[in-house]
Amino acid sequence: MPEQLGRDPDVLTTAELAAKLGLSAQTVRRMANAGQIPALKTGKDFRYSWEAVREVLRQPHHEPGMPTDDQPDEQPKKGAGDRAQRRARTGAQTTDEPTDQE
């Protein structure tokens with residue numbers, strides 16, 4: 001693709017960024033909408049700084065529910081979904097009643 005006159009080569013369209021990352025354009029748009037990658041909204045589409053996106057993607061991945069460096073003392077919230085996942089992993093029974101196995 002020939003470079004347009006006066007265009008900053010660091011600034012990419014969604015299609016260009018998707019091609020560089022090996023992702024679909026839809027995935028790149030979803031990441032931008034979710035705030036996972038830095039983007040500038042231009043009408044209906046986005047523009048991306050290749051350097052800024054690379055910096056964000058180089059950062060260590062944060063596991064959902066785990067405290068971040070910004071909030072080291074904050075405990076992750078646990079709810080019914082967490083309990084269900086724990087029961088599924090351990091094979092625990094879903095009722096609170098003890099069973100008699102004699």
Side-chain angles (χ1 to χ4, degrees):
M1 176 187 303
E3 190 172 313
Q4 295 175 352
L5 184 62
R7 181 170 172 211
D8 185 348
D10 182 57
V11 178
L12 304 173
T13 65
T14 299
E16 292 168 339
L17 182 61
K20 279 190 172 234
L21 295 176
L23 300 170
S24 72
Q26 183 179 18
T27 298
V28 171
R29 277 189 215 94
R30 285 181 184 163
M31 291 173 74
N33 278 320
Q36 295 172 322
I37 57 174
L40 174 65
K41 184 88 168 171
T42 58
K44 292 183 179 180
D45 205 9
F46 293 95
R47 293 295 180 265
Y48 311 87
S49 163
W50 175 238
E51 288 301 319
V53 170
R54 282 181 49 194
E55 276 302 311
V56 167
L57 295 178
R58 285 182 179 150
Q59 300 300 317
H61 179 69
H62 173 68
E63 291 293 326
M66 298 301 292
T68 63
D69 291 341
D70 299 340
Q71 307 143 343
D73 297 328
E74 184 177 313
Q75 293 295 319
K77 306 240 187 291
K78 295 184 180 182
D82 183 63
R83 288 189 297 271
Q85 287 178 357
R86 196 170 341 115
R87 281 194 303 264
R89 282 193 304 266
T90 61
Q93 295 185 2
T94 57
T95 63
D96 292 334
E97 299 175 22
T99 58
D100 291 332
Q101 295 187 9
E102 295 179 28

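Keep in mind the model is a prediction, meaning the values are calculated, not measured.
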Quick one: closest heavy-atom pair of [X] and [Y], and the distance?
| X | Y | result |
| --- | --- | --- |
| A25 | T14 | O-CG2, 3.5 Å |
| V56 | P38 | CG2-CD, 3.5 Å |
| A39 | Y48 | CB-CE2, 3.6 Å |

Next item on the list: Just do the side chain to side chain contact (heavy atoms under 4.5 Å, CB included) check on R30 and Q26 with the steps written out, would you?
Entry: CA-CA 6 Å; R30 285 181 184 163; Q26 183 179 18; 2.7 Å; yes
Check: Only one of L40, N33, V28, T13 forms a side chain to side chain contact (heavy atoms under 4.5 Å, CB included) with F46, so which one is it?
Finding: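 Filter result, single survivor: N33.
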Notebook entry, point to check: Do the side chain of Q36 and the main chain of A32 share a donor and acceptor less than 3.5 angstrom apart?
Noted result: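 No, because the side chain of Q36 does not come within donor-acceptor range (under 3.5 Å) of the backbone of A32.
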Check: What distance do R29 atom CZ and K44 atom NZ have between them, rounded to the nearest 0.5 Å?
Finding: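 Interatomic distance, R29 CZ to K44 NZ, rounded to 0.5 Å: 11.5 Å.
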Next item on the list: Mind checking the CZ-CZ spacing from R54 to R58? Nearest 0.5 Å is all I need.
Entry: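 With rounding to 0.5 Å, CZ (R54) is 4.0 Å from CZ (R58).
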Item checked: Cluster check W50, M31: I/L/V/M/F/W/Y, side chain < 4.5 angstrom ->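 Hydrophobic grouping puts W50 with M31.
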Item checked: V11 reachable from L17 in the ILVMFWY side-chain graph, under 4.5 Å edges ->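 They do not share one cluster, since no chain of ILVMFWY contacts under 4.5 Å joins L17 to V11.
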Notebook entry, point to check: Tell me, do K20 and V53 make a side-chain contact under 4.5 Å, heavy atoms counted?
Noted result: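 In short, these two side chains do not touch, never coming nearer than 4.5 Å.
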